There are 2 protein chains.
Amino acid sequence: MSMAKRKIRDAAAQVDVSDAVLARFLGYHLKRAQTVLMGDMNGAIAPLGLRMITFSALAMVVANAGLRQSQLADALAVERPNLVVILDDLEERGLITRDRVPSDRRAYALRPTPAGRTLFDEATAAVAAHEARMLAGVSAADRAAALRVLAAIRHGAGGA
Amino acid sequence: MSMAKRKIRDAAAQVDVSDAVLARFLGYHLKRAQTVLMGDMNGAIAPLGLRMITFSALAMVVANAGLRQSQLADALAVERPNLVVILDDLEERGLITRDRVPSDRRAYALRPTPAGRTLFDEATAAVAAHEARMLAGVSAADRAAALRVLAAIRHGAGGA
DNA sequence: CAAATAAGTTATAAAGTATAATCATTATAG
DNA sequence: CTATAATGATTATACTTTATAACTTATTTG
């Protein structure tokens, strides 16, 4: 069987596939982009021993020193029990401390260590560089518009 | 203890929390928006017995009748083994059929049933209505810009 | 024709996310 | 003031999603 004939037969046997039926939905693009970005970003900070969720937690502790676990869980939309293991990791690696709050001895105040601040700086640079690479071909105006749209989705779910 | 005093003490005990440190990253907004949209969307089509992934699979079969499982898995970026159970569900409910391909008897050609097409129409309307609600306050220009950004992320990951 | 490859499946594991129950402590109602 | 309710953190656990390995059957290739 000739190469030409084989190609024709293969073409007949396999339908051309398009995701146009889904591409009309922003939610579809959102999910696909999120998967790609998250995977790629995790790769970018893996050398620092971080994942996106651990980086987020560390960043929030650096920027909001003294906050409590429940506040952090709320801010990141992570269930409290799941945050515990994330903070265990950061604490064991000497990046943050859990300090008992004198005025409420149930609570822990989370604070970064010097090592935590240093790693945060490195990771922030890595994440920023990675995003810059991913958005290289995108105009600042489009980037700003995308931010507005994402914020609207995040805050307006089920609204009106 | 007076109300005023209590508030002062509480304010001292609990730090104000802001996620500004993360808000500079588009990836953060992307993840938050995706979580919200996905959850809300799943709620919108749950009455039809669908989730986003099963709706996506059904839609692709309707729009690309005759495609094979491996093509569908590639198109949706789902691992082949995971697609099997999704299609099992759709097939058992009489929404699609798996037809042996005569020219390649390893493969199945996926086709929608009339019931599948009907459910697809209903679900598409529900999803479209839901997205319209979520994006009510967003201009068409912003929506288009967001689409461009998401497409760039999806296709340009790690690129140059 | 034998060996390598591909389609689909099964089984399983790893990761992410959610729920219930518990302990210690603080706040509130009577 | 004390009994009760509520909160912060934790443990244990379950559920969902996603990924990997191995297998069967069929096709392709050397």
Side-chain angles (χ1 to χ4, degrees), chain A residues 1-3 5-7 9-10 13-15 17 31-32 34-36 38-39 42-43 46 50-54 56-57 66-91 96-110, chain B residues 1-3 5-7 9-10 13-15 17 31-32 34-36 38-39 42-43 46 51-54 56-57 66-92 96-110:
Chain A
M1 188 177 280
S2 76
M3 191 62 181
K5 262 190 168 174
R6 150 123 298 124
K7 268 186 184 167
R9 200 194 129 203
D10 286 354
Q14 295 222 169
V15 133
V17 174
K31 181 173 189 295
R32 298 295 296 258
Q34 209 280 323
T35 302
V36 166
M38 173 91 112
N42 277 329
L50 295 172
R51 290 168 298 148
M52 264 192 77
I53 186 61
T54 50
S56 297
L67 88 169
R68 301 176 177 190
Q69 294 189 197
S70 55
Q71 290 181 296
L72 181 54
D74 284 354
L76 293 180
V78 171
E79 294 300 322
R80 263 73 56 105
N82 298 329
L83 184 60
V84 170
V85 305
I86 294 166
L87 297 178
D88 284 350
D89 174 51
L90 293 176
E91 189 185 28
I96 66 166
T97 59
R98 283 195 253 222
D99 306 328
R100 282 282 181 205
V101 176
S103 62
D104 185 347
R105 288 177 27 214
R106 295 169 299 185
Y108 287 114
L110 305 173
Chain B
M1 190 177 281
S2 78
M3 191 61 182
K5 261 190 168 173
R6 146 122 300 123
K7 268 186 183 166
R9 200 197 127 202
D10 285 356
Q14 294 221 169
V15 133
V17 175
K31 180 174 189 294
R32 297 297 295 260
Q34 208 280 324
T35 303
V36 166
M38 172 91 111
N42 277 328
R51 290 169 299 147
M52 265 191 74
I53 187 59
T54 50
S56 297
L67 88 169
R68 300 175 180 193
Q69 293 189 197
S70 55
Q71 289 182 296
L72 181 54
D74 283 354
L76 293 180
V78 171
E79 294 301 321
R80 262 73 56 103
N82 298 329
L83 184 61
V84 170
V85 305
I86 294 165
L87 296 178
D88 283 350
D89 175 50
L90 293 175
E91 189 185 28
E92 281 161 21
I96 67 167
T97 59
R98 282 196 254 221
D99 306 329
R100 281 283 180 203
V101 175
S103 61
D104 185 346
R105 287 177 26 215
R106 296 169 299 184
Y108 287 115
L110 305 173

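Letters A, B, ... mirror the listed sequences (proteins, then strands); counts begin at 1. All figures in this text were calculated on a predicted structure; none of them were measured in a lab.
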Atom-to-atom span, CE of A:Met38 to P of C:dG16 - whole angstrom = 8 Å
Return no unless some side-chain N or O of B:Arg80 is found under 4.0 Å from OP1 or OP2 of C:dG8.
-> no
A:Met52 CE to C:dG16 P, in whole Å, measures 12 Å
Does A:Arg105 place a side-chain N or O at less than 4.0 Å from the phosphate oxygens OP1/OP2 of C:dT25?
-> yes
Would you say the side-chain atoms of B:Gln71 pair up with the backbone N or O of A:Val15, donor to acceptor, closer than 3.5 Å?
-> yes
If you check the A:Val84 side chain, which of D:dT11, C:dA18, C:dA7 turns out closest?
-> D:dT11
A:Asn82 has a side chain; which of C:dA18, C:dT26, D:dG8 sits nearest to it?
-> C:dA18
What is the distance from CG of B:Leu83 to C1' of C:dG8, rounded to the nearest Å?
-> 10 Å
5'-most by nearest nucleotide on DNA chain D - A:Lys31 or A:Ala109 = A:Ala109
CG on A:Leu87 to CG on A:Leu110, rounded to 0.5 Å = 5.5 Å
Answer yes or no: does a side-chain N or O of B:Arg51 lie under 4.0 Å from OP1 or OP2 of D:dT17?
-> yes
Which residue lies more 5' along DNA chain D, comparing A:Thr35 with A:Ala107 via nearest heavy atoms = A:Ala107
Verify whether one side chain among B:Arg80 and B:Gln69 offers a donor that lies under 3.5 Å from an acceptor in the other.
-> no
Measure from the side chain of A:Arg68, starting at C-beta and using heavy atoms only, and say which of C:dT10, D:dA9, D:dT27 lies closest.
-> D:dA9
B:Arg32 to A:Ala75 - nearest heavy-atom pair and separation | NH1-O, 2.7 Å
Can you figure out which of D:dA9, D:dA19, D:dA26 approaches the side chain of B:Asp104 most closely?
-> D:dA26
Phosphate OP1/OP2 of D:dT10 contacted by A:Gln69 side-chain N/O (<4.0 Å) | yes
Establish, with yes or no, whether the OP1 or OP2 oxygen of C:dG8 is under 4.0 angstrom from a side-chain nitrogen or oxygen of B:Ser70.
-> yes
Looking at D:dG8, C:dT25, C:dT9, which one has an atom nearest to any side-chain atom of B:Tyr108?
-> C:dT9
For DNA chain C, whose closest nucleotide is more 5', that of A:Ile53 or that of A:Val101?
-> A:Ile53
Quick one: B:Ile86 CD1 to D:dA19 P, roughly how many Å, whole number?
-> 12 Å
Value in whole Å for how far the P atom of C:dT10 lies from CD of B:Glu79 | 17 Å
Which atom names give the shortest non-hydrogen contact between B:Val78 and B:Leu83, and what distance separates them?
-> CG1-N, 3.8 Å
Length of the line joining A:Leu67:CG and D:dG8:P, which is rounded to integer Å | 13 Å
Presence of B:Arg100 side-chain N/O under 4.0 Å of D:dT25 phosphate oxygens OP1/OP2 = no
How long is the line joining CG of B:Asn42 and P of D:dC15, in whole Å?
-> 18 Å
Any donor-acceptor pair under 3.5 Å between the side chain of A:Arg106 and the base of D:dT7?
-> yes
Would you say the side-chain atoms of B:Arg100 and B:Tyr108 include a donor-acceptor pair closer than 3.5 Å?
-> yes
Spacing of B:Leu76 atom CG relative to D:dA19 atom P, expressed in whole Å = 13 Å
